[in-house]
Novice: 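Take this structure first; my questions come after.
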Amino acid sequence: MHILFSLLYAPFVFLSLRYFNLKVVSIIIFIISLGWFLLVFKKGFKEILFPSFYLGVSFCAFVFNDFILLKSLPLILSILVSLYFFYSYFTKNSFILHLLNKLKKEIDEEEKNYIQKATLFWALVSIVNIALHLFVLYNDNINYWIIYTSIGWYFVFGVAFVIQMIHKKIYLKK
């Protein structure tokens, strides 16, 4: 659900603000986020985290009547993801390993070590993502913001994924 929201958020905000004022758009985002929140509430903390941020930012945008708050939401979410990557790396508790365990995929010890080390790479990629989010947030061209916050950041992580897969093949062949 979060991927769908992230894809549609920027175009929705941009198009909605052409026809409605900021307060109305904030209310609409709040109502949609509240529905999402209630839908996933019983699934646990991780599931309600993203809709909670959408709720909070839309509420603040309504109260303070400030577009930059709505525009900053993708940046805030990117910062959260980045913090999670760093937390995962420093606690030596890679979320990638957790995901692979849930998928019941067998991983040898050498690959587990590689994945833990690769978590730092992903943390650094997420820092690049934050820098790009900051650039589009404070750039006067709204089209940059719309493109990057809806689909552009997927390309950053996609390129990083390809780089890591190439590195992994080379590294694990040694």
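All values reported here derive from a predicted model rather than from experimental measurement.
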Novice: Please identify each residue that fulfils side chain to side chain contact (heavy atoms under 4.5 Å, CB included) with Leu34, with sequence neighbours left out.
Specialist: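 By the side chain to side chain contact (heavy atoms under 4.5 Å, CB included) rule, Leu34 matches Phe30, Leu38, Leu55.
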
Novice: Kindly give the heavy-atom pair with the smallest separation between Ala123 and Ser82, and that separation in Å.
Specialist: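 The pair with the smallest heavy-atom distance is O-OG, 4.1 Å.
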
Novice: Heavy-atom count around Tyr138 OH within 6.0 Å, excluding the residue itself: above 12?
Specialist: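 Not buried by this count: 12 neighbours or fewer within 6.0 Å.
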
Novice: Would you mind reporting whether Phe37 and Ser52 have side-chain heavy atoms less than 4.5 Å apart?
Specialist: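 A side-chain contact exists here, since the closest heavy-atom pair is under 4.5 Å.
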
Novice: So do the side chains of Val24 and Asn21 get within less than 4.5 Å of each other, counting heavy atoms only?
Specialist: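 The answer is yes; the side chains approach within 4.5 Å.
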
Novice: With a 4.0 Å cut-off, would you call Lys42 and Glu47 a salt bridge?
Specialist: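 No, this pair does not count.
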
Novice: Atom CD1 of Ile115 and atom NZ of Lys168: how far apart are they, to the nearest 0.5 Å?
Specialist: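 Reported value, rounded in 0.5 Å steps: 5.5 Å.
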
Novice: What's the separation between atom CG in Leu39 and atom OG in Ser33, rounded to the nearest 0.5 Å?
Specialist: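 That separation rounds to 12.5 Å.
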
Novice: Below 4.5 Å, heavy atoms only, C-beta onward: do Thr149 and Lys71 meet side chain to side chain?
Specialist: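 Of all side-chain heavy-atom pairs linking Lys71 with Thr149, none is under 4.5 Å.
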
Novice: What distance separates Ser126 OG from Tyr84 OH, expressed to the nearest 0.5 Å?
Specialist: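 Answer for the OG-OH pair, Ser126 versus Tyr84, is 13.0 Å.
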
Novice: How long is the span from the CG atom in Leu69 to the CD1 atom in Ile76, to the nearest 0.5 Å?
Specialist: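 Spacing of CG (Leu69) from CD1 (Ile76) equals 7.5 Å.
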
Novice: Are any of the side-chain heavy atoms of Leu77 and Val81 separated by less than 4.5 Å?
Specialist: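 They are not in contact (no side-chain heavy atoms under 4.5 Å apart), so the answer is no.
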
Novice: Taking Tyr87 as the starting point, is it possible to reach Tyr89 by hopping between hydrophobic residues whose side chains are less than 4.5 Å apart?
Specialist: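 Each belongs to a different hydrophobic cluster.
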
Novice: Between Val128 and Trp153, is any pair of side-chain heavy atoms under 4.5 Å apart?
Specialist: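 Not in contact.
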
Novice: Is there side-chain contact between Asn139 and Trp145, with heavy atoms separated by less than 4.5 Å?
Specialist: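 Side-chain contact under 4.5 Å: no.
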
Novice: Can you name the closest pair of heavy atoms from Ser88 and Gln116 and give their distance?
Specialist: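 Smallest heavy-atom distance, with atoms named: O-NE2, 3.6 Å.
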
Novice: Of all the heavy-atom pairs spanning Lys23 and Val63, show the shortest one and how long it is.
Specialist: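 What the structure gives for the nearest pair is NZ-O, 4.2 Å.
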
Novice: Could you tell me whether the side chains of Asn129 and Ser78 share a donor-acceptor contact shorter than 3.5 Å?
Specialist: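 Looking only at side-chain atoms, Ser78 and Asn129 do form a donor-acceptor pair, the distance falling under 3.5 Å.
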
Novice: Regarding Thr119 and Ser94, is there a side-chain donor-to-acceptor distance under 3.5 Å anywhere?
Specialist: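 Present: a donor and an acceptor within the cut-off.
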
Novice: Would Val136 and Leu132 count as a side-chain contact (heavy atoms from CB on, under 4.5 Å) if you check the C-alpha gap in whole Å, the side-chain angles of each, and the deciding distance to 0.1 Å?
Specialist: CA-CA 6 Å; Val136 299; Leu132 290 168; 5.8 Å; no

Novice: Apply the test side-chain contact (heavy atoms from CB on, under 4.5 Å) to residues Trp36 and Phe50: give CA-CA distance (whole Å), side-chain angles for both, the deciding distance (0.1 Å), then the verdict.
Specialist: CA-CA 9 Å; Trp36 179 18; Phe50 285 110; 3.8 Å; yes

Novice: If you measure from CZ on Phe12 to CD1 on Ile146, what distance do you get to the nearest 0.5 Å?
Specialist: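 Answer for the CZ-CD1 pair, Phe12 versus Ile146, is 13.0 Å.
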
Novice: Measuring only between side-chain heavy atoms, which start at C-beta, is Tyr171 closer than 4.5 Å to Lys117?
Specialist: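 In short, these two side chains touch, coming nearer than 4.5 Å.
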
Novice: Parallel, tilted or perpendicular: which one describes the rings of Phe157 and Trp122, with boundaries at 30° and 60°?
Specialist: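 Phe157 vs Trp122 ring planes: parallel.
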
Novice: Side chains of Ile29 and Ile32, heavy atoms from C-beta outward: is any pair under 4.5 Å?
Specialist: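 Sidechains of Ile32 and Ile29: no contact.
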
Novice: What is the minimum heavy-atom distance between Ser16 and Val25, and which atoms define it?
Specialist: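 Shortest heavy-atom contact: CB-CG2, 3.5 Å.
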
Novice: Can you tell me how far CG of Leu70 sits from OH of Tyr54, rounded to the nearest 0.5 angstrom?
Specialist: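 If I round to the nearest 0.5 Å, the distance is 11.0 Å.
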
Novice: Between Tyr114 and His167, does any side-chain donor sit less than 3.5 Å from a side-chain acceptor?
Specialist: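 The answer is yes; a qualifying pair exists.
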
